[in-house]
Each structure stands twice: as structure tokens, then as C-alpha cells.
Amino acid sequence: MTSRIARVPLSLYVHWPYCSFLCKFCAFSKARVPSQGVDHEQITNALLRELRTSLMPHRDKELHSIYFGGGTPSLALPRNIGRIIEEANKLVPLAANAEVTLESNPTTAEVAKMLDFKQAGINRYSIGIQTLDDATLRKMGRLHTGAEGLAAVDRAKALFPGRVTFDMIFGFESQLLRQWQTELETALSHADRHISIYQLTVEPGTPLFRDQR
């Protein structure tokens, strides 16, 4: 009897470059959605070409995770996310328990697409809440409220139980320790199994950097 040779695990990151708004603190590679809208077929075909180029040398491996980041990949069409997952699986087989994550903002339009993304092959959801303080959200250029952020988490937990995470940032200007403690207590009461917490950094080239100067 021959034993199955274990394939080398591989992880894939897919970058969606567009955002409907540009946060003042973000230094990631991104662009605002053009006035004429996103050409979804063009960007998807470009990602598929890049996928084939990147994965062809790794066909002896096995995909253990796919992460759709950005930008705001929840602005993509769910069917096109499904096309990318399907193509990746053809090139390098997905492990049976592979984790397939999509980053999202908690706006109403994006929350409405959660089920479609699940049906497209997403099985883990990451939500950019950042803070529960509405005044700070407005100042940083976010388009959602703290309550909408928590509602998005609760919705995601119903669709992706055990596989929901969200981002929180501390260190905003004038934020008091007690305020941050209260935010954490509230966030933990809604959390699934994971929260990502970051200290605010003022990156050169961002609007926040210019404001601070």
C-alpha cells in the first residue's frame, strides 16, 4: 500500500484595489472607485491572469488559505470572487478545510451581499469596524456608525459561525482610556472567536499625516 504524499501548504492573498471611500489613516495600496464605476470584468480578468502566473510554479502544493484583502474586496461581485476561488482550485487544489476570507466594511450595501459571498465560496469574514465612536468614524472618513458595525458582526456570525473577525483601532486623538475600555467591553460582547486590535499609526502620505502636521 502506498501512502499519500502530503503536499506543501500554500497561502494565497488576492488584492482588490478599490474603495468607495478613502480612510484618512490608511496607507495601503488602493484607489477610490472611479466616477464611471468599476469595470468588474476587466479587473476580474486581470486578477485571473495574475493568478495563473503566480500559481503555475506551485501546482505541486495545496492551498490552505485564500485571503481577499484590499482595498475593499466586498465591493467586488460575489460571482467574480467565486470565479477566482474556482480558478485557484483548478491550479492548486484547495485543502478540504481551507480557510477562505473576505475583508468587508459594515455598510448596508456590503452586509446585504454576505450570503452571496458565502455561496461563492467564502467561509470566513473579516469586518473593518475600527471604532464604535461615531464622531471618530466621521472624522476618519468612515461611512458607517458603531451600531452598524456591530450589526454587521452579528449578521456575519449567523452566516459564518466560528469564523468571524473584526478590526479595532486604539490611539485616536482625544481618546480616553475609559472610552477605549468601554469600546472593548462592547466589542467583546459581540465577538466571535477573534478580534484584531491595532494601535493607530500616522503614516506619511496619508490625509491623517497632513492633518497632524
Side-chain angles (χ1 to χ4, degrees), residues 9-21 23 25-30 63-76 78 81-82 84-85 88 94-134 136-137 140-172 175 179-201:
L10 185 71
S11 294
L12 172 68
Y13 174 82
V14 181
H15 188 76
W16 175 269
Y18 294 111
C19 292
S20 55
F21 56 92
C23 301
F25 55 80
C26 181
F28 294 157
S29 175
K30 79 284 184 190
L63 275 171
H64 281 221
S65 70
I66 302 176
Y67 192 98
F68 290 89
T72 310
S74 53
L75 296 178
I81 294 294
I84 293 169
I85 296 170
L94 272 169
N97 61 344
E99 187 179 83
V100 186
T101 304
L102 182 90
E103 285 185 348
S104 175
N105 285 317
T107 64
T108 302
E110 291 165 78
V111 170
K113 295 161 67 177
M114 276 189 197
L115 179 58
D116 293 334
F117 282 123
K118 180 177 182 178
Q119 293 171 341
I122 297 299
N123 61 27
R124 181 174 180 269
Y125 221 74
S126 176
I127 304 172
I129 291 181
Q130 319 309 358
T131 177
L132 301 178
D133 182 71
D134 290 347
T136 302
L137 286 168
M140 291 298 113
R142 307 289 289 176
L143 298 184
H144 63 89
T145 65
E148 287 171 335
L150 294 176
V153 170
D154 292 341
R155 169 66 173 159
K157 283 162 54 179
L159 291 173
F160 307 93
R163 290 197 166 192
V164 177
T165 182
F166 59 92
D167 298 345
M168 295 290 289
I169 296 176
F170 70 93
F172 289 108
Q175 183 183 54
Q179 178 189 354
W180 175 230
Q181 290 173 327
T182 300
E183 283 197 50
L184 277 180
E185 290 166 1
T186 303
L188 287 168
S189 71
H190 287 260
D192 195 3
R193 295 185 179 179
H194 188 268
I195 301 177
S196 294
I197 296 176
Y198 305 92
Q199 178 177 318
L200 179 68
T201 55

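For the single chain, residues carry numbers from 1 onward in sequence order. Since the model is a prediction, treat every value here as computed from it, not as a measurement.
- Contact detail for V164 and F160: the closest heavy-atom pair is CG2-O, 3.3 Å.
- Rounded to the nearest 0.5 angstrom, D167 CG and Y198 OH are separated by 4.5 Å.
- Within the 3.5 Å criterion, the main-chain N or O of P78 finds no donor-acceptor partner in the side chain of K113.
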| field | Verdict with supporting geometry, E183 and M168, side chain to side chain contact (heavy atoms under 4.5 Å, CB included) | value | CA-CA 9 Å; E183 283 197 50; M168 295 290 289; 3.5 Å; yes

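- The shortest distance between side-chain heavy atoms of Q130 and R142 falls below 4.5 Å.
- No side-chain heavy atom of S65 sits less than 4.5 Å from a side-chain heavy atom of T101.
- S104 contributes no side-chain N or O that, together with a main-chain N or O of S74, makes up a donor-acceptor pair within less than 3.5 Å.
- Residue P73 comes nearest to L102 through the heavy atom pair CB-CD1, 3.8 Å, listed as atom of the first residue, atom of the second, then distance.
- The aromatic rings of H15 and Y13 are tilted relative to each other, their planes meeting at an angle between 30° and 60°.
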| task | Just do the side chain to side chain contact (heavy atoms under 4.5 Å, CB included) check on H144 and E110 with the steps written out, would you? | result | CA-CA 11 Å; H144 63 89; E110 291 165 78; over 6 Å; no

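- With values rounded to the nearest 0.5 angstrom, D133 atom CG is found 11.5 Å from W180 atom CH2.
- The heavy-atom pair separating P106 from G149 by the smallest distance is CB-CA, 3.7 Å.
- To the nearest 0.5 Å, atoms CD1 (I122) and CZ (R163) are separated by 11.0 Å.
- For the 3.5 Å distance criterion, the side chains of E103 and Y67 qualify, holding a donor opposite an acceptor.
- With hydrogens and angles disregarded, a donor-acceptor distance shorter than 3.5 Å links the side chain of D192 to the backbone of G162.
- To the nearest 0.5 Å, atoms CZ (R155) and CD1 (I127) are separated by 11.0 Å.
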| request: Apply side chain to side chain contact (heavy atoms under 4.5 Å, CB included) to I197 and L184, showing your working. | output: CA-CA 10 Å; I197 296 176; L184 277 180; 3.7 Å; yes

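- The shortest distance between side-chain heavy atoms of E148 and V111 does not fall below 4.5 Å.
- Between atom CD1 of residue I169 and atom CD of residue Q199 there is a gap of 10.5 Å, rounded to the nearest 0.5 Å.
- Taking 4.5 Å as the limit, every side-chain heavy atom of T72 sits out of range of all side-chain heavy atoms of S20.
- The distance from the CG atom of L132 to the CD atom of Q179 is 9.5 Å, given to the nearest 0.5 Å.
- Residues H190 and V153 approach most closely at O-CG1, 3.5 Å, considering heavy atoms.
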| message | What verdict does the side chain to side chain contact (heavy atoms under 4.5 Å, CB included) test give for I85 and L94, after you've listed the backbone C-alpha separation in whole Å, the side-chain angles of each residue and the deciding distance to 0.1 Å? | response | CA-CA 9 Å; I85 296 170; L94 272 169; 4.0 Å; yes

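- A donor-acceptor contact shorter than 3.5 Å links the side chain of N123 to the backbone of A98.
- Side chain of Q175 to main chain of G171: a donor-acceptor pair is present (N/O by atom type, distance under 3.5 Å, no hydrogens or angles).
- Residues L159 and Y125 are not in side-chain contact: their nearest non-hydrogen atoms beyond the backbone lie 4.5 Å or more apart.
- Taking all atoms of both residues into account, the shortest heavy-atom contact from L63 to S11 is CD2-C, 4.3 Å.
- Between L12 and A88, the shortest heavy-atom distance links the atoms CD2-CB, 4.1 Å.
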